[in-house]
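Input: a single structure, listed below in structure tokens.
Each chain gets a letter, A, B and so on, in the order its sequence line appears, and its residues count up from 1.
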There are 2 protein chains.
Amino acid sequence: MKVKKPTMLDIANQVGVTKATVSMVLNKKDELISPETRDKILKVADELGYIPNSFARSLITKKSGTIGIIIPDITNPFFAEIARAIEDEANRLQYNVIFCNTDNQVPKEESAIRLLIGKLVDGVIFIAGGTSETSLALLNQHAVSFVLVDRYIPGCEDYPGVYCMSDDGVMDGVRHLYEKGRRKIAYVRGPRELRVFEYRVNAYKEMMTTLGIYDERYVYEVLPSLEAGIAVTEQIARDVPDVDGIIYCNDMTAMGGLKALTRLGYHVPRDISIIGYDNIKISQFIEPELTTVAQPIAEMGEAACNLLINIINEVPLKEQKIFLYAELVVRGTS
Amino acid sequence: MKVKKPTMLDIANQVGVTKATVSMVLNKKDELISPETRDKILKVADELGYIPNSFARSLITKKSGTIGIIIPDITNPFFAEIARAIEDEANRLQYNVIFCNTDNQVPKEESAIRLLIGKLVDGVIFIAGGTSETSLALLNQHAVSFVLVDRYIPGCEDYPGVYCMSDDGVMDGVRHLYEKGRRKIAYVRGPRELRVFEYRVNAYKEMMTTLGIYDERYVYEVLPSLEAGIAVTEQIARDVPDVDGIIYCNDMTAMGGLKALTRLGYHVPRDISIIGYDNIKISQFIEPELTTVAQPIAEMGEAACNLLINIINEVPLKEQKIFLYAELVVRGTS
DNA sequence: CTGAAAGCGCTAACAC
DNA sequence: GTGTTAGCGCTTTCAG
């Protein structure tokens, strides 16, 4: 365990040059270094198993080649998928990533941001847990570039970000059920603090109203999760026994709903249709497969990463807000 | 964007002391600092929004307070859950984590390790993709502490690690199906390169033989995934139409199997019983819920993290290998 | 083509 | 109680 790691100085001594020369060679700024010394340096570096100390480099360059990702919970499939997409794109562009889970708690967000700033991340991709103005203030104060993804922060709609427009997708979902003959279509919405859920339920209301079948008693609110999906669906079945369609604010909740309905003896989609939102991978793992309003999850992650890195590199951008669109995917539950 | 971050020197100047004093105060080594200067320093640090530059500190202390986690794929629920457990425990112990996905490819493992070494991680938790001796050699060469989790590496059985013993759990599963009257029990195994899969299928063979119902034609091999689970299950239904039980090497594959069987018109568990392995969260998301041989995923992550940090701190340990046990959890599919 | 020298922000002896 | 000093490993002018 007491093996000292080789440094540039070790290489320099062994080759008989100075570390400045070694530095230039190893950083490919070797136009004016003689091929012989260059090859010798490369050779010795390889023999010694030299790995540059990125801290020393970052200290001086003020860049870490790392971006931070702040996410509510990596075990939530939606976030895992987006995180993976970001990481892949970051790696492609020669960046590394550090993840921080916040469980939607603002204090955890702030400590994550402190951590990331201390590690000199070049930028941060931020999926907010709610009203996170103070977290953003921290980032601004320390002049760290950032990009918002998926979730709006009230009052911060003008920050750079990647958002998914849900209206058309949700409306298509409602219309799709209507065309299947469904009339009593309930909606399970997420918490009011999160703007995204507001948009989704509003689209539902609008289309239901247009179709002349809106009834406010059909709208239920939950903290989205599988368990909540089960509970609320049992509730709906009690309140509106002849309900024939349920649209959920996300896939996890919808999967819980499917479970509850099956247990209650409903046959999906014969007796009732259900629709989720997100299109996480596991929505296809079940049978019947979940009809859902699909977010382009991978594209969102990729776009966020690209946007951030462009901002970091001060590439002039016409628009720092990117809008993608959710789309209805009809599968087995409708 | 051009706001210079405050450093210790800024604080020192403003208070009228030197940065050494500031350093001691901020690191809580302030027994011999007068309360007045201490408070003044703390106050100014707060006003300036000072965040220590962890690189500068790490450069000198040779520690980063960070551990690396090398994992095949974070979108795989099993790994996401273990990663999250590791992260939580690490945070509790004041460590941060950096994740690297390898997609089970050895070259990606090696570049991940180089990255982590360059970032001076204090240790690495390693879920190997296969025969990763060279990756381990790199870690050894650079004197980086590491801990293996879940997967054995052939020839490296004696490295510190956290492993889950599957034998009893799998045998209990076979016996359980036998007691339900099942006799034609197939097994879907994972790839031979991964030792864990070898152990699981061997336990199956042993119990099947003991019960006098082993037939080698019932054993199928796949690269575990939902899709593979579907495909292999269709194959089994063709080969052995009167199969009445299938045990899978993991939950994802079993979920694919359940899907395939349902589509083929089998009723699970009336016509056929199935059992998975892992007990990932989503195994309870489906209906019927999956009977499975549960690994204590969270405990594995937690134990790995603790073990690693003990090794890093050179805490003398009686045993650097931790064995946990998988256990049959009977739910709806058996 | 290569060397010398300065310095990034911080810690840790050792003075005073 | 606090300052001085050196140096971690690296990059980057500027000389030569």
With a non-hydrogen cut-off below 4.0 angstrom, is S34(A) in contact with a base, only sugar-phosphate, or nothing? sugar-phosphate

Backbone N or O of S23(B) within a donor-acceptor pair of the N27(B) side chain at under 3.5 Å? yes

First and last nt of DNA chain D near chain A, cut-off under 4.0 Å to heavy atoms, 5' to 3', are dG9(D) to dT12(D)

Is the shortest side-chain N/O distance from S23(B) to OP1 or OP2 of dT11(C) below 4.0 Å? yes

Could you check whether S58(A) and K63(A), counting side-chain N and O atoms only, form a donor-acceptor pair closer than 3.5 Å? no

Spell out, as yes or no, whether a donor-acceptor pair under 3.5 Å connects the side chain of S135(A) to the backbone of E109(A). no

Please, which pairs that meet side-chain hydrogen bond (donor to acceptor under 3.5 Å, both in side chains) have at least one residue in residues 82-94 of chain B, sequence neighbours excluded? D73(A)-R84(B), D103(A)-R84(B), R84(B)-D88(B), E89(B)-R92(B), E89(B)-N306(B)

Could you pull out all residues at least two apart from P72(A) that satisfy side-chain contact (heavy atoms from CB on, under 4.5 Å)? F79(A), T102(A), N104(A), I127(A), R151(A)

If each of A20(B) and T37(A) is mapped to the nucleotide of DNA chain C with the nearest heavy atom, which maps nearer the 5' terminus, i.e. the 5' end? T37(A)

Would you mind classifying the nucleic acid contact of G118(A) as base, sugar-phosphate or nothing, using non-hydrogen atoms under 4.0 angstrom? nothing

Determine whether a donor-acceptor pair (N or O, by modelled atom type, separation under 3.5 Å) exists between the side chain of T21(A) and the backbone of K19(A). no

Residues passing the side-chain hydrogen bond (donor to acceptor under 3.5 Å, both in side chains) test with R114(B), sequence neighbours excluded, are none

Whole Å only: how far is the CE atom of M24(A) from the P atom of dG3(C)? 11 Å

Taking only residues two or more places apart in sequence, or in another chain, which ones meet L115(A) in a side-chain contact (heavy atoms from CB on, under 4.5 Å)? C100(A), K119(A), N96(B)

Considering only nitrogen or oxygen atoms on both sides, find all protein atoms under 3.5 Å from nucleotides 6-9 of chain C and state each distance.
{"from": "dC8(C)", "atom 1": "O3'", "to": "K62(A)", "atom 2": "NZ", "distance (Å)": "2.7"}
{"from": "dG9(C)", "atom 1": "OP1", "to": "K62(A)", "atom 2": "NZ", "distance (Å)": "2.5"}
{"from": "dG9(C)", "atom 1": "N2", "to": "A56(B)", "atom 2": "O", "distance (Å)": "3.3"}

